[in-house]
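Each residue takes its place number in the sequence, starting with 1.
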Amino acid sequence: MLTVKDLILIRNQKTILQVDEFRLNQGDRVAIIGPNGAGKSTFLKTMALLEKPTSGAVFFHEQLVDNSNILSFRRRMAVVFQEPLLLNTTVYNNVAQGLKFRGVSKADINRRVDHWLEKLGITGLSKRTPLHLSGGEAQRVNLARAFVLEPEVIFLDEPFSALDFPTRVDLLEKLGELLTNTATTAVFVTHDFMEIPYLTNNVAVIDGGSVVYRGGVREIMDGSVAVPVVQHLLRPYQKSAIMRDYVGR
């Protein structure tokens, strides 16, 4: 579905990304993890066609992305960020806005918005404004705003990291359910290994702007991946396991 080749992104004479090749197949769910400043969010934005690389190529359905088609390809994608950035209007209008930009008929807008408000459990919030939403409610609106577009691929950049643990788990479970039911291809950036199993076992680790591991999260968690940055990222979870063992004695 989406392929990145010989990708380099340079800012202020510093190389931010250097990825030889990265493939995202139809129906894939890939979690991207890495240390702070590794380039995770920048890589996501590049794949989502929101950031132009210095050199290299992005292919969508085997077509080279260029100035002539980038807008049409971008409309087949959706992005969910950590901050919902909702408009100062009702929940209903926030979810409907993208469809209006695409010229969807009013009847189809009503049908699709109602469907996704119900799916995300926020039908009762349709007339509220962002000021009167909790963090979890705002992110449900953010997810509805993305899924209502019926994207071929959805990119999620640490969407739940600012939420409390029970709310985060609830939304991870809901997101996993939605991705399964819609068969939507997804790229999910996170800083927390514990979020990944809710969505996928497929993980890519980025360090210094390069993909240093692509494979299963189970292999990471059982300690069989001998990549230094992976072992570094895993250390806090190993300490947690030690504490659980201590408390259980």
Between the side chain of [X] and the main-chain N/O of [Y], is any donor-acceptor distance below 3.5 Å?
| X | Y | result |
| --- | --- | --- |
| Arg145 | Pro84 | yes |
| Asn94 | Leu86 | no |
| Arg102 | Gly98 | yes |
| Asp192 | Met194 | yes |
| Ser210 | Val212 | no |
| Asp207 | Gly34 | no |
| Thr42 | Gly39 | no |
| Arg29 | Ala186 | no |

Side-chain donor-acceptor contact under 3.5 Å, [X] with [Y]:
| X | Y | answer |
| --- | --- | --- |
| Glu152 | His61 | yes |
| Thr190 | Glu158 | no |
| Asp164 | Thr167 | yes |
| Thr90 | Asn93 | yes |

Separation between [atom1] of [X] and [atom2] of [Y], rounded to the nearest 0.5 Å:
| X | Y | atom1 | atom2 | result |
| --- | --- | --- | --- | --- |
| Gln139 | Leu163 | CD | CG | 6.0 Å |
| Leu156 | Leu143 | CG | CG | 7.0 Å |
| Glu83 | Ser161 | CD | OG | 8.5 Å |

(request) Report the residues that fulfil side chain to side chain donor-acceptor pair (under 3.5 Å) with Gln18, sequence neighbours left out, ordered by chain and then residue number. (result)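 Once residues adjacent in sequence are excluded, Gln18 has no partner under the side chain to side chain donor-acceptor pair (under 3.5 Å) criterion.
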
(message) Just to verify, what does Glu21 make a side chain to side chain donor-acceptor pair (under 3.5 Å) with, not counting sequence neighbours?
(response)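 Counting only residues at least two positions away or on another chain, Glu21 forms a side chain to side chain donor-acceptor pair (under 3.5 Å) with Arg23.
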
Counting only heavy atoms from other residues, nucleotides and ligands, does the tally under 6.0 Å from [atom1] of [X] exceed 12?
| X | atom1 | value |
| --- | --- | --- |
| Glu118 | CD | no |
| Asn88 | CG | no |
| Lys52 | NZ | no |
| Arg214 | CZ | yes |
| Asp66 | CG | yes |

(message) Check this for me, if you would: do Asp108 and Arg112 make a salt bridge, where the nitrogen-to-carboxylate-oxygen distance has to be below 4.0 angstrom?
(response)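 A salt bridge links Asp108 with Arg112.
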
(request) Would you check if His191 and Ile33 make a side-chain contact, meaning some heavy-atom pair closer than 4.5 Å? (result)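 No, too far: nothing below the 4.5 Å cut-off.
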
(message) A side-chain contact here means heavy atoms from C-beta on lying under 4.5 Å apart; do Thr123 and Asp114 qualify?
(response)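 Sidechains of Asp114 and Thr123: no contact.
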
(request) Please step through ring-ring contact (aromatic ring centres under 6.0 Å, His included) for the pair Phe188 and Phe155, ending with a clear verdict. (result) CA-CA 6 Å; Phe188 180 82; Phe155 297 91; over 10 Å; no

